[in-house]
Each structure stands twice: as C-alpha cells, then as structure tokens.
Amino acid sequence: MAERADDRLVRLLGLVAYLDGAGPVPVAELAGRFGVSEQQIRDDVDQLWVTGTPGYWPDDLIDFDADAVERGVVHLREARGLTRPLRLGTREAVALVAALRAMAASGPVQADPARAQLVASALDKLTTATGEAASAVDVRLAADGDPRVVQAVTDALARGRRLRIRYVNAADVAGERDVDPVRLLTQDESAYLLAWCHRAQGRRTFRLDRVLWARVLDVPVEGRQVDVDVDVAQSVAEAGQDAAVATVRFASAARWVAEEVPTEAVRDLPDGSFEVRLRVTNPAWLRRLLLAGGPDVLEVSPPQVAADVAQAARAALAAYGVAGEAWPDAGAGAAVG
Amino acid sequence: MPEESLPSVPPAERLLNLVIALVNTSVSMTKQQIRRGVAGYGDAPSVDAFERMFERDKDTLRALGVPIVTVDSGGHSDDVGYRIDNDAYALPAVDLTPAELGVLALAAQLWSDKTLRTDISRAMTKLRAAGAGEAASDALAGLAPRVRAVGDAYGPLLEAVTERRVVTFRYRAASTGQVTARHVEPWRIAARGGGWYLVGRDQDRQAPRVFRLSRIEGRVRVGSRAGAFEIPADLDVDALLGARTGRERTAVLAVVPERASAVRARAVPVPSDTSSGTSSGTSSDVVRDASPGTAATDATDAPLAVPPAAAAAPAGRDVLAVRFTSLTTLAEELAGYADAVVVLAPPELRTEVVRRLQAAAGLAPRTPHHRPEPDEETTRG
C-alpha cells in the first residue's frame with residue numbers, strides 16, 4: 001500500500017529540518033534515523049529537489065550537493081525556510097503524552113525509583129514542548145501483582161537473571177518453578193510475565209496477580225530464542241484449537257464477557273441478550289466464569305457443562321448452609337440491575 | 001488520499017509546496033494566488049475542485065500541527081489571505097537524553113490501533129528531525145506496556161473533546177440491551193481495566209455519564225459548533241468510572257486449606273471485631289452506564305438470603321481477611337472459587353456471592369431421586 005501523503009510530508013519536512021546545519025549525512029544514517037529504507041531516502045531527496053517557492057526556478061528550489069548524493073551522502077545546500085522542526089499536532093501530542101503518563105503510573109516503572117525518575121523527566125520535557133492540550137486521553141494500565149513481585153521481576157529483567165516463582169494456576173493449584181524472564185507485559189486489563197519455563201521446557205505466560213512470590217536467583221538467563229510477540233488473548237484462542245466448544249447465552253448486563261473474554265463468535269439476539277461460542281481450553285476457567293456470572297447466564301450447552309457448574313454451585317451453597325433450590329427462578333434469566 | 005482527478009503532482013509534493021509558499025510569503029497569499037502560483041493546484045479542473053482540494057489540504061496541514069492562519073484584509077472574501085505563523089511553527093527545543101528517547105520508543109509501542117500508532121510515529125519522526133539521538137533502552141529492559149485497541153470511535157471523539165463539540169451516537173445500554181441515540185458533551189476518553197470509555201455529560205439525562213466505546217453502534221457524529229460547553233476543571237475521571245468509589249472495606253473469608261492461594265496472597269490481618277468492616281455504604285451516587293471491569297451494575301437490592309450477622313466459619317477452614325472497594329468485582333471472584341471460599345462478612349458480600357451461586361445451581365436441574373453429595377463427582381477440570 002502506498003504511503004499516505006501526510007505521513008510522507010511529515011518526513012520530508014523532518015528531513016530538511018534535520019539536514020539544515022547538519023553537514024553531509026550518509027543515506028544509511030538517515031534511513032536509520034527516520035525508520036525507512038535507503039531507497040525511500042533517495043526518493044525523498046529526489047522529491048525535495050523539485051520542491052520550492054512559487055516560480056520554481058532553480059534558485060527557488062530546495063537544493064542538495066549532487067556529487068555527494070552520488071556517493072551516498074546527503075548534503076543540504078538550500079532549505080527554503082524549512083530550517084526548524086515542525087511542532088507536534090494535537091493528535092500526536094495526545095498519543096505521546098497519554099502513553100507516557102500511563103507508563104509513568106504503571107507498577108513496573110514505579111517499582112524502581114531510577115526508572116520512575118527517568119520516565120518522569122521524559123514526560124516533563126514532552127509536556128513542556130506540547131502544552132497542556134494533551135489531557136484528552138487518560139489511560140491507566142493494570143496495577144496487578146504484589147509490588148515485591150513486580151520489583152523482583154523487573155530487577156531480573158534488567159539484570160538478565162533467572163527467577164524462582166510460586167504460581168497458582170487457573171485450577172487453583174500452586175507450585176514453584178524456575179523461569180527465565182523475557183517480557184513483562186503490562187496491559188490495560190492485566191499484567192503478564194512472559195518467560196521460558198524450565199519446568200515445562202517451553203514458553204509460558206504467567207498472570208502477575210497469580211505469582212505468589214518471586215525471588216531473583218544468582219543465575220544468568222539462558223539466551224534462548226523466545227518469540228516475544230505474544231498476544232495473550234490470541235495465544236489462549238490458539239491453544240484451544242482442539243478444545244471442545246461451549247455456547248453460552250448471557251443477559252445483556254453481562255456484555256463485558258463478549259468484550260473481554262476471547263470468544264469464537266458473538267451473536268446479538270433481538271431481546272438484548274447475546275450468545276457467545278467459547279473454546280474450552282480450561283474447564284476450571286469456564287466454571288469460574290459461569291459461577292461468577294450466574295444471574296446473567298441464561299443458557300449453557302453442552303448440558304454437561306451446565307451440570308458441572310450447577311454441581312459446584314450446590315456444593316458451595318451447602319458450605320453456606322443454603323439450599324440450592326431456594327430461588328426456583330434463579331438462572332431463568334431475570335436481568336437484575 | 002483519493003484524488004478527484006489524476007494529479008500530475010503527487011499530493012505530498014503539493015502539500016510541501018504549499019507549506020514552503022506560506023512560510024516564505026512576505027504578508028499572505030490569497031486563494032487565487034495559491035491556485036495560480038503553487039505547484040499542484042493548477043491541476044484542479046474547476047474552481048470548485050480547487051476549493052475542495054485546498055480546504056482538505058488546509059485541514060490536513062492543521063492536523064499535522066502546521067499553524068495556518070487567515071489574514072483578513074477587510075472587504076471582499078477573495079481578499080482573505082493565508083500564511084503560516086512562523087512563531088508558532090517550530091517545535092520547542094526538547095533536549096532528550098538517549099535513555100529518555102528509549103522511554104519514548106517504548107511508549108510508542110503502547111498503542112494497538114493503527115491510527116494511534118500513526119499519530120505517535122509522526123511525533124517520533126518530528127522529534128528525530130529535531131536532532132534526538134540514539135535511543136538507549138537498558139533501563140526499561142523487558143518492559144512491554146500495551147493497551148487494547150480503542151477502535152474507530154477514537155478519531156471523532158478526540159476531535160470532539162479537544163474542540164469541545166457535542167457528539168451524537170447510537171449506544172447499546174447493557175442494562176436493557178436497547179440501542180438508543182445519545183447526545184453527549186465529551187470530557188475525556190479513558191482506558192481502565194480492559195475497556196475504553198467516554199466520560200461526559202449526557203444532554204438528555206442532564207447528568208454525567210460513562211459510555212463504553214465498544215457499545216457504541218455505528219458512527220460518532222461530531223457537532224458543528226466548537227467550544228459548545230465547558231469541561232469541569234475538577235473532573236475526576238476515576239470517581240466517574242467507579243474505580244475508586246466507596247471506601248475500602250474488609251471482607252472476612254473462610255477458606256479451605258491449600259485453596260485460593262491468589263486470595264491468600266492478598267490477605268491482611270483479620271480484624272478483631274469482624275463486624276467492624278461490614279457497615280454498608282453505597283458505592284457511589286454517580287449512575288453508571290458501564291462500569292469498568294466486570295458487570296454493568298452493582299446489584300445492591302437483592303433480597304437477603306442469609307442472616308445479616310457475620311456468619312460462623314465452617315469447621316476446618318482458615319479464616320482470613322482481604323480489602324476491597326468493588327463489591328461486585330470481589331463477589332464475582334469469590335463465587336468462582338465455589339465451595340473453596342465462604343464469605344463470613346460483610347453480609348452484603350455474602351448475599352451477593354450466594355445470589356450468584358443460587359443462579360448457577362439453577363443452570364441444570366438436579367436429577368430426580370438422586371441427590372449427589374457435594375464431592376460425589378469430581379468437578380476439577
């Protein structure tokens with residue numbers, strides 16, 4: 001797909017402003033700085049060369065040292081007044097400042113005073129340059145995890161050390177394992193540790209709020225190649241390719257399920273309820289979802305999933321000393337709210 | 001960018017020529033001078049085509065931060081001139097250290113949307129043009145902040161918030177499932193706990209409301225009048241979103257040994273008087289159309305199914321306490337543990353968990369003449 005005209009314009013203006021007073025700069029260096037190919041830089045120079053003030057006679061145009069370009073070096077001779085870098089637009093300032101504010105307030109940054117100081121000073125300098133217009137967007141990342149766990153994980157990442165963690169899985173079983181940390185993914189919804197797990201001999205993702213404790217070991221991580229480009233929701237969906245499918249119809253009030261849980265399909269129904277198809281990669285997880293959302297669950301199939309959830313609920317009610325049939329209409333679909 | 005006729009001058013070149021012309025003009029240029037003089041505009045086949053092309057280019061440049069100002073020399077509208085405000089043009093000096101540039105590079109990865117990624121990468125291009133050097137990322141090694149995609153509503157909503165314009169959209173209310181038109185004075189776009197929200201004043205209901213962006217159906221229409229309302233100076237986004245509503249309270253739980261470790265990890269000392277943390281207080285007087293995180297409403301009007309006093313712990317369980325602010329969120333979590341966790345206090349939390357369990361128990365009828373004991377079948381997955 002062709003580059004958008006406005007994206008290209010920003011780079012063309014940026015190139016001239018950068019080159020003004022910079023002397024000769026190799027094409028390769030410019031390509032690295034602006035994150036494009038060397039050919040793109042050459043095309044940009046060709047473009048700039050025919051641009052200038054009305055009249056467009058040779059003296060009106062942006063000009064480069066032609067011999068230098070032949071040798072792979074860009075040397076600006078005439079900037080036609082574009083000597084200063086363009087200020088940030090409102091949208092650009094919002095995108096940058098909102099991201100920095102979210103980072104500054106996040107657990108992994110707050111866990112270390114030097115790190116917090118660094119992000120704060122970057123934010124300070126940017127806010128000075130952009131003004132206060134950038135507060136339209138307000139993002140808060142998940143504050144998951146014990147601060148001591150966050151501290152240990154970020155410390156291990158910074159120093160390349162192995163971690164020993166105690167982790168409780170979705171089935172509520174806790175165990176210790178040694179992991180080589182790769183990434184701390186702080187998302188808006190939850191935080192995850194991506195690591196090479198020595199117990200499982202594979203890449204694993206750990207929810208940070210389920211890491212009961214973490215200790216930095218005096219062992220360097222093995223330099224394993226671990227694919228870091230992980231989308232947690234996506235990897236859950238993929239892991240369940242062979243898993244059974246369950247279909248659940250929820251009352252409208254449980255719309256968050258359709259929005260936050262990895263689903264195969266969502267179907268809106270005329271009465272405001274909706275139906276989701278889920279891959280059951282983890283039966284314990286599905287049971288918890290249905291127990292938690294009980295009053296908004298209208299129908300579950302296959303029937304054995306419903307029976308399993310009902311069974312667990314009756315056992316719990318027995319522990320409360322309450323009979324399961326107390327409300328005959330329970331689960332019949334009244335959307336309480 | 002689609003062009004109406006095949007231009008011999010590419011759009012990026014035309015835009016650049018316009019910037020150079022308006023930066024270098026001694027006073028200002030009229031539209032006529034621009035059409036005749038600036039390379040690229042001569043391609044426009046008619047006055048109307050030129051007008052549309054120029055208006056669009058002007059919007060594009062302003063969106064990029066180019067300060068185009070109009071100079072009214074009085075009288076005829078053809079005399080209106082355009083120039084670039086050279087004092088406002090430049091990026092103030094931002095003297096970033098390599099480590100600070102590393103922070104920015106990491107921040108640029110936060111967004112999942114193409115549109116926000118485009119916005120932030122343009123910002124990075126401008127900062128690099130300003131001379132920012134190599135980024136160093138050691139201090140933030142391994143960190144990966146990420147926020148979920150906000151979707152198509154972001155563009156119009158951001159424009160509306162920054163220019164204080166009223167927006168209109170169709171919205172699916174979670175409480176009823178019905179889709180209705182809403183007219184809103186938008187104050188803030190916010191992301192919390194896995195969702196994107198619009199915080200603003202609902203004009204029909206004449207009160208602050210929170211809208212979940214994923215429940216907006218179709219396009220957001222932006223009103224024509226800028227500066228149509230004031231954004232409250234003391235706006236507290238978290239209070240409106242309910243993230244910090246209500247005091248923090250303490251729940252007392254009876255937990256089966258070895259179970260619910262994630263709850264145990266948050267345990268605080270059990271208060272000596274277990275009723276001390278049980279006083280009820282409504283979480284907020286702000287009505288929410290969508291609360292972050294979990295269910296859409298805090299159900300506080302459910303009938304009591306258990307005695308209101310703090311209950312006694314079943315035998316053989318560990319008694320522990322956890323702090324909470326959202327009753328609904330904690331009730332959902334604890335109901336998920338089924339018989340492993342029993343709430344002792346406060347009673348309204350106990351009621352809320354029992355309500356969920358009773359509904360779940362009704363999902364499948366008990367087989368007649370067969371009343372299984374709780375542990376007769378294995379329920380572990």
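Chain letters run A, B, ... following the sequence lines, proteins first, then strands; residues in each count from 1.
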Review point. If we ignore angles and hydrogens, is there a donor and acceptor under 3.5 Å between the side chains of B/Ser112 and B/Arg148?
Key: no
Review point. For B/Thr115 and A/Arg91, does a side-chain donor sit closer than 3.5 Å to a side-chain acceptor?
Key: yes
If I measure from the heavy atoms of chain B, does [X] come under 4.5 Å with its side chain, its backbone, both, or neither?
X        : answer
A/Thr51  : both
A/Leu12  : side chain
A/Leu96  : both
A/Val153 : neither
A/Arg80  : both
A/Val168 : side chain
A/Asp146 : neither
A/Thr83  : neither

Review point. Under 6.0 Å from the CD atom of B/Glu258, do we count more than 12 heavy atoms belonging to anything else shown?
Key: no
Check your understanding: Is it the backbone or the side chain of B/Ala88 that comes under 4.5 Å from a heavy atom of chain A, or both, or neither?
Key -> both
